[in-house]
Each structure stands twice: as structure tokens, then as C-alpha cells.
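It should be emphasised that the depicted structure is a prediction, and the values quoted were computed from it without experimental measurement.
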Amino acid sequence: QLQASGGGLVETGGSLRLSCAASGRTAGMGWFRQAPGTEREFVAAIHWSRGSTYYAEFVKGRFTISGDKAKNTVALQMNSLKPEDTAVYFCAADLRGRIVYYPARGSSYHYWGQGTLVTVSS
């Protein structure tokens with residue numbers, strides 16, 4: 001199971017930090033988001049053993065993914081938020097290390113959290 005938290009309402013240019021904890025061991029974890037009327041899209045991911053991080057182009061330089069391998073927790077620090085970042089953010093867990101090859105594919109992940117809403121006001 002995955003439990004995400006940290007969403008909320010913030011003004012343009014503000015920051016939020018999302019957190020997610022997995023109940024068991026994972027090979028890596030990631031974040032996706034889905035805005036109303038759009039498809040789910042990849043945001044960022046981290047592979048534990050390689051220490052590799054992956055980002056969607058539209059968040060590079062603004063968002064940072066980090067985590068604790070031993071605790072199977074992942075965080076997403078979001079800075080310089082824009083109204084277009086408004087979405088429900090989902091954390092996901094990869095049990096087999098697929099995200100090394102396909103971090104942006106939803107099929108690389110085995111479990112998904114319930115989502116946490118981030119709203120950025122203009």
C-alpha cells in the first residue's frame with residue numbers, strides 16, 4: 001500500500017512538498033499527475049540501487065525527487081509552482097526495477113497511491 005500526503009493550495013511561485021510511504025520493499029518509486037480532463041502524466045521517479053532520478057521536461061529545475069530506500073519513502077519537493085501544475089498527484093511503486101528502462105511508463109509500476117490534490121492559484 002502507498003500513502004501520499006502533502007497536497008494543498010498554494011499561490012503561483014510557491015512551494016509544496018509531497019510525501020509517500022510504501023508498506024513494503026520497492027526497487028524504486030515515482031510520481032505521476034492528472035489534471036481534470038487530461039491523461040495521467042509522468043512527473044519524476046527514483047531508482048534506489050542506482051541512485052538514479054528521472055524527470056519530465058516540464059518540471060526540470062523546479063521539482064526534486066528524493067527518498068529513503070530503507071524506509072521506502074519518497075518525497076517530491078515542488079518549487080516555483082505554476083497554475084498548470086494543478087493536478088492530483090499520485091505516487092507509485094516499482095517492485096522489479098523497470099523504471100531504470102521506462103520511468104515514464106505507468107506499466108513500470110506495480111502499486112499506486114490514492115492521490116493528493118495540488119492546486120496552484122494564479
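The closest side-chain heavy-atom distance from N79 to F63 is not below 4.5 Å. When side chains are defined from C-beta on, F90 does not count as touching L2, because their heavy atoms never get closer than 4.5 Å. Side-chain contact between L16 and V118: present, with at least one pair of heavy atoms (C-beta onward) separated by less than 4.5 Å.
Residues L81 and F42 are members of separate hydrophobic clusters, defined by side-chain heavy-atom contacts under 4.5 angstrom among Ile, Leu, Val, Met, Phe, Trp and Tyr. By the criterion of side-chain heavy atoms lying less than 4.5 angstrom apart, applied directly or through intervening Ile, Leu, Val, Met, Phe, Trp or Tyr residues, W31 is grouped together with F58 in one hydrophobic cluster. Residue L117 is grouped with residue F32 when hydrophobic side chains (ILVMFWY) are merged at heavy-atom distances under 4.5 angstrom, including chains of intermediate members.
Distance check: T64 OG1 to R17 CZ gives 9.0 Å after rounding to the nearest 0.5 Å. Between the SG atom in C20 and the CD1 atom in I65 there is a gap of 9.5 Å [rounded to 0.5 Å]. One finds the CE atom of M29 at 14.0 Å from the NZ atom of K69 (value rounded to the nearest 0.5 Å). Taking OG from S122 and NZ from K82, the interatomic distance works out to 14.0 Å, rounded to the nearest 0.5 Å.
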Using atom types as modelled, flag every donor-acceptor pair under 3.5 Å from a side chain in residues 97-109 to any protein atom, sequence neighbours excluded.
unit_1, atom_1, unit_2, atom_2, d
R98, NH1, S107, O, 2.9
S108, OG, Y102, O, 2.7
Y109, OH, P103, O, 2.6

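The shortest non-hydrogen separation linking S15 to Q77 is CB-NE2, 3.9 Å. Contact detail for G67 and I46: the closest heavy-atom pair is N-CD1, 4.2 Å. Across A4 and Q114, no two heavy atoms sit closer than the pair O-NE2, 3.3 Å. Heavy atoms only, all atoms of each residue included: R33 and E84 are closest at NH2-O, 3.9 Å. Contact between V88 and G115 at its shortest, heavy atoms only, is CG1-CA, 3.8 Å.
Formation of a donor-acceptor pair under 3.5 Å by the T12 side chain with backbone atoms of S121 is found in this model. A donor-acceptor pair under 3.5 Å links the side-chain atoms of T116 to the main chain of G7, judged by distance alone. Here the side chain of S23 pairs a donor or acceptor atom with the backbone of Q1 at under 3.5 angstrom. H110 places a side-chain N or O within donor-acceptor distance of the main-chain N or O of L95, the cut-off being under 3.5 Å. Listed for the R62 side chain is a donor-acceptor partner under 3.5 Å among the backbone atoms of S80.
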Task: Chi angles and distances behind the side-chain contact (heavy atoms from CB on, under 4.5 Å) call for L18, M78 - done: CA-CA 8 Å; L18 306 182; M78 305 185 295; 3.7 Å; yes
Task: T26/N72 under side-chain hydrogen bond (donor to acceptor under 3.5 Å, both in side chains): CA gap, chis, key distance, verdict - done: CA-CA 7 Å; T26 65; N72 284 297; 2.8 Å; yes
Open item on the list: The test is side-chain contact (heavy atoms from CB on, under 4.5 Å); show your working for V43 and L76 and say whether it passes.
Closed with: CA-CA 9 Å; V43 176; L76 185 68; 4.0 Å; yes
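Cation-pi geometry between R40 and W112 is met: under 6.0 angstrom from the ring centre, within 45 degrees of the axis.
Dense packing is recorded around OH of Y54, with more than 12 heavy atoms of other residues, nucleotides or ligands lying under 6.0 Å away.
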